[in-house]
Amino acid sequence: MSLAKPVMRGMLAKRLRIHLPLAFLSSFGLAMAIKFMITEPRKQAYADFYKNYDSAKEFEAMREAGIFESVQPSGK
Amino acid sequence: MFRAVFRLSASGARSLARSRSCYSAPLASRCYSHGRAETEEEFDSRWVTYFSKPDLDAWELKKGMNTLIGYDLVPEAKILDSALRACRRLNDLASAIRILEAVKNKAGPHKDIYPYLIQELKPTLSELGISTPEELGIDKI
């Protein structure tokens, strides 16, 4: 019972035909997912925090807490 | 704006893969914009001729085998036959057996290729007195 001739050419090409675009698309997809699910919300959170941030008020609060060396709390 | 860039480059990558349709054509597809692609038969005969050179030297044998193994194909039995006869002319049994190991490895997950090639090469192997790695027991780690 002699063996039939198998496919001997182009096997890598056949595989790459599918997997190369797939690799590009999946890395793209993952990068986009990270951008829109992680970095954008993070940037938005920072923007929201600083939108109505009153630095003078925050400074006074820190001053009262006594964490500075250069300036004492207003009571002292 | 970034989304538009991403969409463009995604479709660019896809059309790049499509334009490489010469992958479906035989062998080491050199994508010429000019000239015709070499057929499988022309490729095979070129390599049979290469190994049939009567005064082929050891370097040319090894260089030929290395180049051949680099292609996206398992060499045809007739090419291997020519290479094994070159090994015989050079009194290089080690390379002859190594050629058999190399094509088995080259076939990778396609386990039906190597038995087929051994079947086709059986007459040559017995004529030249070449043992297969399996017969020598060196195919196991």
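Keep in mind that this is a model prediction, so the values were computed, not measured.
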>> For a quick test of reading the model, state the closest non-hydrogen atom pair linking B/Y116 to A/A4 and the distance between them.
In response: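 Reported closest heavy-atom pair: CD1-O, 3.4 Å.
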- Between B/D72 and A/A13, what is the shortest heavy-atom contact and its length?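 So the two residues come closest at OD2-N, 2.9 Å.
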Are [X] and [Y] joined in one hydrophobic group, where the rule is that I, L, V, M, F, W and Y side chains link up if heavy atoms are under 4.5 Å apart?
| X | Y | answer |
| --- | --- | --- |
| B/I138 | B/I118 | yes |
| A/F28 | A/I18 | no |
| A/Y53 | A/F59 | no |

Q. What residues join B/W59 in its hydrophobic cluster, counting side-chain heavy atom gaps under 4.5 Å, either direct or through other members?
A.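 B/W59 shares its hydrophobic cluster with no other residue.
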Let me know if A/A31 has heavy atoms under 4.5 Å from chain B in its side chain, its backbone, both or neither.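 For A/A31, no heavy atom lies under 4.5 Å from chain B.
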CA sep, side-chain torsions, deciding dist, call: A/K5, B/I113, side chain to side chain contact (heavy atoms under 4.5 Å, CB included) | CA-CA 8 Å; A/K5 181 173 180 187; B/I113 298 181; over 6 Å; no
request  = Any pair with a residue in residues 62-71 of chain A that passes salt bridge (Lys or Arg N to Asp or Glu O under 4.0 Å), sequence neighbours left out, goes on the list, sorted by first then second residue, please.
outcome  =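 Listed once each, the pairs are A/E60-A/R63.
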Tell me which one of B/D112, B/L117, B/V103, B/L73 satisfies side chain to side chain contact (heavy atoms under 4.5 Å, CB included) with A/M8.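 Only one of B/D112, B/L117, B/V103, B/L73 forms a side chain to side chain contact (heavy atoms under 4.5 Å, CB included) with A/M8, namely B/L117.
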Over 12 foreign heavy atoms within 6.0 Å of NZ, B/K53:
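Enclosed.
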**Q.** NZ-OG distance between B/K122 and A/S2, expressed to the nearest 0.5 angstrom
**A.**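 Here the rounded value is 14.5 Å.
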I want to check something: taking the side chain as every heavy atom from C-beta on, are A/M11 and B/V74 in contact at a cut-off of under 4.5 Å?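 A/M11 reaches B/V74 side chain to side chain.
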